[in-house]
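As structure tokens, the structure follows; a few thoughts come after it.
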Amino acid sequence: MATVIGELLLRYGLIEWTGSGHFELTYGKWDKPSFLYPRHLYFNISHCKEASICVISDEEVGIDIEVIRDVKSSVIQKVCTSEEAERIYKSERPEEEFIKYWVMKESYAKLLGVGLSRDFRTIDTIKLKKNFLLSRVKNMYMSVARHNRE
């Protein structure tokens, strides 16, 4: 169902942007979809238990959305840099802090087209902070990642 909603969001966004919901896709090395048509636009879709989200842009983007939930220390160690992990452990709301880093890392990996194949500890969200738009929506965080123009 989430896949269907993601495609509907994509079609709606294309209609708003271009006047047409028609598109053709191609897939990259790690199965990242991109437009064959319309060529000048980029998109990314994400979903979690409670939401589906889509972004369309004139530059490459990645997006992720996740529900705030408990996280095990072993997961933090597997996906976070030492500085990120330290900030999580010192936080008053470690589960919320972790989800912020997670959505930024996943959106960045999706931007690069590598998905979960990348070691997330190599994505330093603190150093890359200008690459992200991070927002809380109800009990979820979403992140949009783009290449830094500076």
Side-chain angles (χ1 to χ4, degrees), residues 1-17 23 25-35 40-150:
M1 182 59 130
T3 303
V4 172
I5 292 170
E7 184 175 325
L8 289 172
L9 289 170
L10 179 60
R11 287 187 188 280
Y12 177 79
L14 282 172
I15 290 168
E16 289 293 310
W17 194 308
F23 63 89
L25 298 178
T26 187
Y27 295 87
K29 180 180 177 183
W30 298 101
D31 291 329
K32 179 182 179 181
S34 61
F35 288 126
H40 64 285
L41 294 178
Y42 302 88
F43 76 97
N44 205 237
I45 298 171
S46 183
H47 57 82
C48 63
K49 262 185 178 179
E50 299 182 22
S52 294
I53 192 165
C54 176
V55 62
I56 300 173
S57 178
D58 58 0
E59 62 182 318
E60 287 198 46
V61 289
I63 194 167
D64 191 43
I65 188 165
E66 293 292 336
V67 174
I68 299 167
R69 62 186 180 278
D70 289 337
V71 63
K72 294 179 182 178
S73 181
S74 61
V75 174
I76 294 170
Q77 298 306 312
K78 285 181 183 177
V79 301
C80 293
T81 66
S82 57
E83 187 176 353
E84 292 164 344
E86 183 178 334
R87 289 182 181 195
I88 291 166
Y89 294 132
K90 287 182 177 179
S91 173
E92 290 182 17
R93 295 187 176 105
E95 64 285 343
E96 189 170 329
E97 193 72 11
F98 172 77
I99 291 298
K100 289 178 190 179
Y101 291 124
W102 177 265
V103 297
M104 287 188 287
K105 288 171 180 286
E106 188 162 342
S107 66
Y108 194 77
K110 290 172 73 177
L111 164 71
L112 298 177
V114 298
L116 298 174
S117 69
R118 176 117 181 219
D119 179 351
F120 275 19
R121 290 172 295 191
T122 66
I123 301 171
D124 188 337
T125 62
I126 295 166
K127 288 182 181 173
L128 293 167
K129 66 182 175 184
K130 291 182 180 181
N131 294 70
F132 303 104
L133 169 63
L134 180 68
S135 181
R136 182 174 177 157
V137 181
K138 296 185 180 183
N139 64 333
M140 299 168 279
Y141 271 94
M142 60 147 268
S143 171
V144 176
R146 68 182 182 98
H147 294 291
N148 192 354
R149 294 183 193 176
E150 294 178 15

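Note that these values count all heavy atoms, side chains included, but never hydrogens, waters or copies made by symmetry.
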For Glu83, what residues pass the salt bridge (charged side-chain N to carboxylate O under 4.0 Å, His left out) criterion, not counting sequence neighbours? Arg87

Rounding to 0.5 Å, atoms OG1 (Thr3) and CG (Leu8) come to a distance of 11.0 Å

How long is the gap from CD1 on Ile5 to CG on Leu10, to the nearest 0.5 Å? 14.0 Å

Might you point out which heavy atoms bring His147 and Glu59 nearest each other, and give the distance in Å? O-OE1, 4.3 Å

Can you find a pair of side-chain heavy atoms, one from Ser57 and one from Arg146, that are under 4.5 Å apart? no

If you define the side chain from C-beta out and look only at heavy atoms, does anything of Leu41 sit under 4.5 Å from Leu14? yes

Side chain to side chain contact (heavy atoms under 4.5 Å, CB included) between Trp102 and Phe120, worked out: CA-CA 9 Å; Trp102 177 265; Phe120 275 19; 3.7 Å; yes

Salt bridge (charged side-chain N to carboxylate O under 4.0 Å, His left out) partners of residues 131-141, not counting sequence neighbours, each pair once: Glu96-Arg136

Asp119: which residues meet the side chain to side chain donor-acceptor pair (under 3.5 Å) condition with it, sequence neighbours left out? Arg121

Those residues at least two apart in sequence (or on a different chain) that pass salt bridge (charged side-chain N to carboxylate O under 4.0 Å, His left out) with Arg118 are none

Which distance, rounded to the nearest 0.5 Å, do you find between the CG of Asp124 and the OG1 of Thr81? 4.5 Å

Could you list all the salt bridge (charged side-chain N to carboxylate O under 4.0 Å, His left out) pairs where at least one residue sits in residues 103-113, not counting sequence neighbours? Glu84-Lys105

Test ring pair (Phe, Tyr, Trp, His ring centres under 6.0 Å) applied to Phe43 - qualifying residues, sequence neighbours left out: Phe35

Identify, with sequence neighbours excluded, every residue that meets side chain to side chain contact (heavy atoms under 4.5 Å, CB included) alongside Tyr12. Glu16

Measure the spacing between CG of Leu9 and OG of Ser46 and express it to the nearest 0.5 Å. 11.5 Å

Any side-chain heavy atom of Asn148 sitting closer than 4.5 Å to one from Leu128? no

Minimal non-hydrogen separation, Ile65 against Cys48, with atom names: O-CB, 3.6 Å

Rounded to the nearest 0.5 Å, what separation is found between the OG atom of Ser34 and the CG atom of Leu25? 7.5 Å

Close side-chain approach of Ile76 and Val71, heavy atoms under 4.5 Å: yes

Can you sort out the partners of Lys90 under salt bridge (charged side-chain N to carboxylate O under 4.0 Å, His left out), two or more places apart, ordered by chain and number? Glu86

Would you name the heavy atoms of Ser52 and Ala2 that are closest together and state the gap between them? OG-O, 3.6 Å

What pairs meet the salt bridge (charged side-chain N to carboxylate O under 4.0 Å, His left out) rule with one or both residues in residues 67-78, with sequence neighbours excluded? Glu66-Arg69

Going by side chain to side chain contact (heavy atoms under 4.5 Å, CB included), name the residues that satisfy it together with Leu134, two or more places apart in sequence or in a different chain. Lys100, Val103, Met104, Tyr141, Ser143

Once you round to the nearest 0.5 Å, how far does OG of Ser91 lie from CZ of Phe98? 13.0 Å

Residue list, side chain to side chain donor-acceptor pair (under 3.5 Å) with Tyr101, at least two apart or on another chain: Glu97

Pairing residues for Glu50 by the salt bridge (charged side-chain N to carboxylate O under 4.0 Å, His left out) criterion, not counting sequence neighbours: none

